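Note sheet for the following structure.
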Amino acid sequence: MQPTRRDLLALLAATAAGSVAGAGLAGPVRAAEPSLADAAAAAGLLYGASIASDTLADTAQAALYRRECSILTVDYALKFGWLRPAADRFEPGGADAILAFAGKVPVRGHTLAWNESRPDWLMAMSTAEKRKALDHHIDETVAYYAGRLHSWDVVNEPFWPGHGLPGGYRDGPWMEAFGEGYVERAFRRAHAADPNVPLVLNEAMTERWDEYGAPIRSGLLGLVDRLQDAGVRLDAVGLQGHLLPAHPYDDNAFADFVAELATRKIDIYITELDVDDASFPADIASRDAAVAARYRDFLGAVLAVPAVKIVITWQLADSSSWYYHGELEQHPGASRLPRPLPFDDRLMPKPARDAMLSAFDRRRA
Ligand code: G3I
């Protein structure tokens with residue numbers, strides 16, 4: 001019989017009682033059972049996960065974050081549409097609760113300018129009003145969180161070739177407002193609002209070795225060069241790492257791209273790692289093994305690049321994954337639920353967690 005969440009809590013309490021201080025969220029761990037945070041720290045990395053505000057009320061899952069994570073990303077509470085449900089409202093409560101939970105553990109801000117965060121009130125605005133909305137959003141939000149965040153994803157997903165725009169840029173309100181110049185503008189205003197916070201450009205799909213990934217990789221390299229030539233502060237590039245095994249990939253060639261990016265003297269963060277298991281067998285043992293193999297092979301390749309400093313999974317347990325939510329929304333009561341993450345929907349560790357521990361150990365070697 002699978003242990004219950006009460007069993008897990010008892011285990012975590014026992015672990016805490018007989019343990020040494022670990023690298024996690026105030027999370028002492030038993031020395032014989034390294035947490036992901038501890039294994040990452042031993043390899044000179046930070047490991048963490050994105051977290052949603054409603055997770056804080058789930059004491060078992062919150063305890064797991066405390067044990068396993070040494071950095072957090074705010075999943076959606078810092079997105080434009082969540083912070084600003086209306087033009088005259090600013091609601092930082094969800095993100096503030098995550099910062100309170102995190103205590104001294106660093107928290108990443110995600111994300112100031114994303115063309116996919118499009119509340120209706122914004123989309124109803126004129127172009128001139130959209131320009132004011134982005135400027136005001138960045139000025140107010142970055143000032144409000146000044147000194148409190150590890151880093152900001154200033155711009156998320158600048159590219160999407162599928163929108164057919166020149167340069168392969170992603171379409172949306174900020175492209176309408178400023179054209180591709182919104183990227184540089186966002187970075188400059190974020191820096192002006194908090195000159196000390198590290199600034200990150202975050203991108204998706206660069207891992208795809210196909211007609212979508214190639215232009216995104218080349219676009220990203222060119223954008224980084226233009227931002228640096230313009231004297232914009234850029235501390236790191238985030239590569240999301242939503243691995244899609246159904247699409248072509250080449251981990252070693254991707255690692256070469258990561259190394260090329262790193263020649264720009266910036267850090268590289270893997271910011272949203274998970275594995276879409278939809279193309280794997282229904283059988284859970286086979287699926288978990290295939291997911292673990294993707295974690296093993298992908299991390300084995302990218303962690304060979306010294307500039308890779310942080311690995312963050314997009315949530316920690318399957319039941320909090322965007323894939324899981326999406327499947328239940330599309331198919332309520334679905335019998336096959338996604339298993340993209342290191343812990344399952346009962347918060348039990350999976351082969352993917354072992355694969356990550358091994359990859360961190362190999363990086364240390
Ligand atoms: O939890 C509330 C629920 O209480 C409420 O009734 C419902 C009403 O809409 O909303 C629920 O929150 C949803 C949340 O996911 C949790 O499921 C939000 O509507 C929904 O917008 C939110 O979607 C997030 C999505 O970005 C859009 O912001 C996903 O959680 C999040 O995983 C996803 O993350 C993105 C990254 O930011 C960028 N990279 C891709 C990644 C996956 O799409």
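Counting starts at 1 for both ligands and their atoms, following the listed order. Source: prediction; values computed, not measured.
For a heavy-atom separation below 4.0 Å, the residues in contact with ligand 1 are Asp54, Asp75, Tyr76, Lys79, Trp82, His110, Trp114, Asn156, Glu157, Gln240, His242, Glu272, Trp314, Trp322, His325.
Ion pairing of Glu68 with Arg353 is present here, as a side-chain N (NZ or NE/NH1/NH2) and a carboxylate O approach within less than 4.0 Å. Taking a cutoff of 4.0 Å between a charged side-chain nitrogen and a carboxylate oxygen, Asp361 and Arg363 do not qualify as a salt bridge.
Cluster membership for Ile270 and Trp209, using ILVMFWY side-chain heavy atoms within less than 4.5 angstrom, is shared.
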Distance-only donor-acceptor pairs under 3.5 Å for side chains of residues 290-300, two or more places apart:
{"from": "Arg294", "atom 1": "NH1", "to": "Asp251", "atom 2": "OD2", "distance (Å)": "2.7"}
{"from": "Arg294", "atom 1": "NH2", "to": "Asp251", "atom 2": "OD1", "distance (Å)": "2.9"}
{"from": "Tyr295", "atom 1": "OH", "to": "Pro340", "atom 2": "O", "distance (Å)": "2.5"}

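Remark: Arg148 qualifies as a cation-pi partner of Tyr144 under the 6.0 Å distance and 45° angle criteria applied to the six-membered ring.
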Going through the checks in order, is the side chain to side chain donor-acceptor pair (under 3.5 Å) test met by Gln315 and Trp322? CA-CA 8 Å; Gln315 296 285 343; Trp322 63 297; over 6 Å; no
